[in-house]
Amino acid sequence: MLLGKTITEIKKLISDKKITKDEVFAYFAERIANHNKTLNAYLTVQQNVSNQVDGLLSGIPLAIKDNFCTRGVRTTASAKVLDNFIPPYESTVTARLLKEGYVLLGKTNMDAWAHGSSTETSDYGPTKNPWDITRSPGGSSGGTAAAVSAYLAPAGLGSETAGSIRQPASWSGVVGLKPTYGRVPRYGVIAMGSSLDCPGPLTLSTEDAALILQVIAGKDPFDATSAPQQTENYVELMKEKKTYTIGIAEEYMKGLDEDVYKALLDSIHVFEKMGFKTKKVSLLSPQYAISVYTIIQRAEVMSNLARYDGIRYGNARTAFGTEAKRRSMLGTYTLSYGYYDAFFKKAQKVRTLIIEDFKRVFKEVDFVIGTPTPITALQLGEFEKYPFFGELMDQFNEPGAMAGIPGISLPTGLDRNGLPMSLHLMANYFRESDLLNAAFQFEKETDFMGVIKKGIHNFK
Amino acid sequence: MSTKSISKDEVLHLAKLASLTLNEAEIEKLTSQFGQTLDYIQNLDELNTKQTKPTNSVVDLSNVTFEDGTPNERKLSHEAVFSNAKNVKKDGFVVGRIANQ
């Protein structure tokens with residue numbers, strides 16, 4: 001009865017008394033027990049937990065990426081340095097979920113410290129893609145993406161620094177929303193790049209993404225960088241019939257796999273049929289954002305990982321994996337005397353150019369369209385070949401991440417190997433409601449849910 | 001574009017600055033990969049940024065503070081603060097000596 005049901009649908013089953021909250025939890029606990037060995041989506045699984053609070057998420061169990069501090073529940077960020085870390089406090093985002101009645105199903109695998117786009121840098125082994133277990137689900141939020149795709153959770157939380165929600169959502173065939181930087185608080189999220197990090201939902205439908213955003217968005221006194229702007233009723237606004245202008249930038253159509261490119265063109269036609277306007281625009285090449293991201297993110301990684309001394313909590317620094325070392329050391333290099341101006345400051349200036357570039361384009365159009373990743377899911381092990389694999393996989397997500405604008409990844413169809421493909425829409429700052437509105441219309445117009453449902457049936 | 005190379009000694013120095021230890025395989029791998037990464041990021045030199053100001057944060061906020069008298073809801077209990085530490089003596093964390101006697 002439950003297989004494939006969205007949060008919105010499960011809520012209705014619970015309120016109509018067709019199923020109890022405990023039965024819902026037990027259902028997912030059983031699916032996890034049956035399939036997690038194959039997928040390695042969860043690192044820590046909860047048993048018999050309940051939440052009596054009545055709210056927007058009453059009795060809804062969710063998968064939470066293992067970089068959100070959950071009070072009393074082991075939180076590792078998939079790193080051995082934090083192997084035995086039990087947070088004494090709750091992240092703002094999960095605290096907000098608790099206040100609305102959610103139940104924690106478990107903590108999901110990720111690239112260690114969120115460093116990567118495949119979950120292969122996890123110190124606990126990679127997560128497998130439910131569409132093909134020889135492939136990566138994407139990352140860093142790959143555990144959540146796989147859990148949602150295989151229906152080991154009806155939805156979950158991920159976090160993005162640049163692409164870590166949208167890319168695994170794409171490779172695993174689910175919906176992924178990256179909000180505006182500051183829209184969702186970072187307090188209690190194990191920091192990677194503090195000027196970039198952004199929690200967000202991975203879901204089976206646009207409405208579920210809107211619902212979770214509604215719960216987790218908004219100013220937090222514990223995060224000085226969280227945005228004071230009013231949040232909106234995303235679920236309501238999503239359902240108003242609106243038409244928008246979509247920008248098509250040649251720079252975001254290059255280097256795509258043939259099937260991915262064709263699916264993108266088809267999606268553009270769908271929007272046109274829906275009455276949306278399209279307009280050619282030009283943006284800076286994402287190639288520059290790769291460099292800006294590489295420099296700034298590693299500098300921030302370096303300063304964030306410096307706090308792990310193994311004295312107050314966690315293990316000694318000798319427990320760091322190779323990827324964390326690689327990033328910390330490059331950050332140390334680009335911030336060091338003699339190189340600061342050439343690398344770090346230059347990157348900060350180009351970051352300004354990227355921001356100005358988007359601001360200019362968003363005067364003409366509501367969205368810029370593209371794909372979250374140039375290719376579909378790769379085989380596990382491929383990332384070893386590249387020193388900055390993640391940056392290449394996420395090249396279309398990095399410019400928006402550097403600017404701090406929101407974006408959404410939506411399933412569009414399957415490629416020649418039967419793997420899910422997606423489209424990517426980016427919008428101006430705090431325009432999440434417009435992104436969700438367009439996504440909701442697209443979902444109704446296409447076989448988007450067909451892709452998601454097929455994914456779920458990979459694991460019956 | 002000139003090829004940036006970085007020596008094994010520089011890699012070891014960076015590891016020391018970052019307080020990290022590397023094994024032989026990592027030294028080898030990171031030395032060659034740093035060069036490739038540094039090569040790539042030089043493409044930023046193609047862009048003119050003479051008149052451009054650097055961006056530190058995309059959030060247009062400054063001096064975000066608590067009102068005086070705001071209760072500290074984040075305060076942890078003594079027990080919670082030490083709950084994850086391996087080496088605690090009396091009321092403190094045991095740390096390594098940093099200065100010679």
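Being a predicted model, the structure only gives us computed values, none of them experimental. Residue numbering restarts at 1 for every chain, and letters A, B, ... go by the order of the sequence lines.
Contacts between A:Ser226 and chain B at a heavy-atom distance below 4.5 Å involve the backbone alone (N, CA, C, O). Interface remark: B:Asn56 contributes backbone and side-chain atoms alike to the contact with chain A (heavy atom separation under 4.5 Å). For A:Leu196, no part lies under 4.5 angstrom from a heavy atom of chain B. With a 4.5 angstrom heavy-atom cutoff, B:Leu61 touches chain A only via side-chain atoms. With a 4.5 angstrom heavy-atom cutoff, B:Leu76 touches chain A only via side-chain atoms. Residue A:Ala306: no heavy atom, backbone or side chain, is found under 4.5 Å from chain B. The contact between B:Asn48 and chain A is made entirely by backbone atoms, counting heavy-atom distances below 4.5 Å. Contact annotation for A:Ala403: only backbone heavy atoms (N, CA, C, O) come within less than 4.5 Å of a heavy atom of chain B. Contacts between A:Glu356 and chain B at a heavy-atom distance below 4.5 Å are absent for every atom of the residue. Contact annotation for A:Ile86: both backbone and side-chain heavy atoms come within less than 4.5 Å of a heavy atom of chain B. Contact annotation for B:Val94: only backbone heavy atoms (N, CA, C, O) come within less than 4.5 Å of a heavy atom of chain A. Heavy atoms closer than 4.5 Å to chain B are found in both the backbone and the side chain of A:Leu330. Interface remark: B:Glu79 contributes no atoms to any contact with chain A (heavy atom separation under 4.5 Å). For A:Met329, the parts lying under 4.5 angstrom from a heavy atom of chain B are both the backbone and the side chain. Both the backbone and the side chain of A:Phe222 come within contact range of chain B, with heavy atoms under 4.5 Å apart. For chain B, the nearby parts of A:Asn315 are the backbone and the side chain; heavy atoms of each come within less than 4.5 Å. Contacts between A:Tyr187 and chain B at a heavy-atom distance below 4.5 Å involve the side chain alone, from C-beta outward.
Remark: side-chain polar atoms of A:Thr352 are paired, donor with acceptor, to backbone N or O of B:Lys53 under 3.5 angstrom. In this structure, the side chain of B:Thr49 does not engage the main chain of A:Val350 through any donor-acceptor pair within 3.5 Å. With hydrogens and angles ignored, the 3.5 Å screen pairs no side-chain donor or acceptor of A:Arg351 with any backbone N or O of B:Val58. Between the side chain of B:Asn43 and the main chain of A:Ser291, no donor-acceptor pair closer than 3.5 Å is present.
In terms of heavy atoms, A:Ala224 sits closest to B:Val64 at O-CG2, 3.5 Å. Scanning both residues, B:Lys86 and A:Gly314, for their nearest heavy atoms gives NZ-O, 3.3 Å.
Of all the listed residues (B:Ser57, B:Ser83, B:Ala15, B:Ser32), the one sharing the greatest number of non-hydrogen pairs under 4.5 Å with chain A is B:Ala15. Looking only at heavy-atom pairs under 4.5 Å with chain A, the residue among B:Leu44, B:Thr21, B:Val59 that has the most is B:Leu44. Most heavy-atom pairs under 4.5 Å with chain A: of the set B:Leu22, B:Val95, B:Leu20, B:Leu30, this distinction falls to B:Leu20.
The CD1 atom of A:Ile290 sits 12.0 Å away from the CD1 atom of B:Ile41 when rounded to the nearest 0.5 Å. Considering CG of A:Leu353 and CG of B:Leu47, their distance stands at 6.0 Å, rounded to 0.5 Å.
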Let me see the working for B:Glu10 and A:Tyr333 under side-chain hydrogen bond (donor to acceptor under 3.5 Å, both in side chains), right down to the final yes or no. CA-CA 9 Å; B:Glu10 280 176 288; A:Tyr333 180 80; 5.0 Å; no
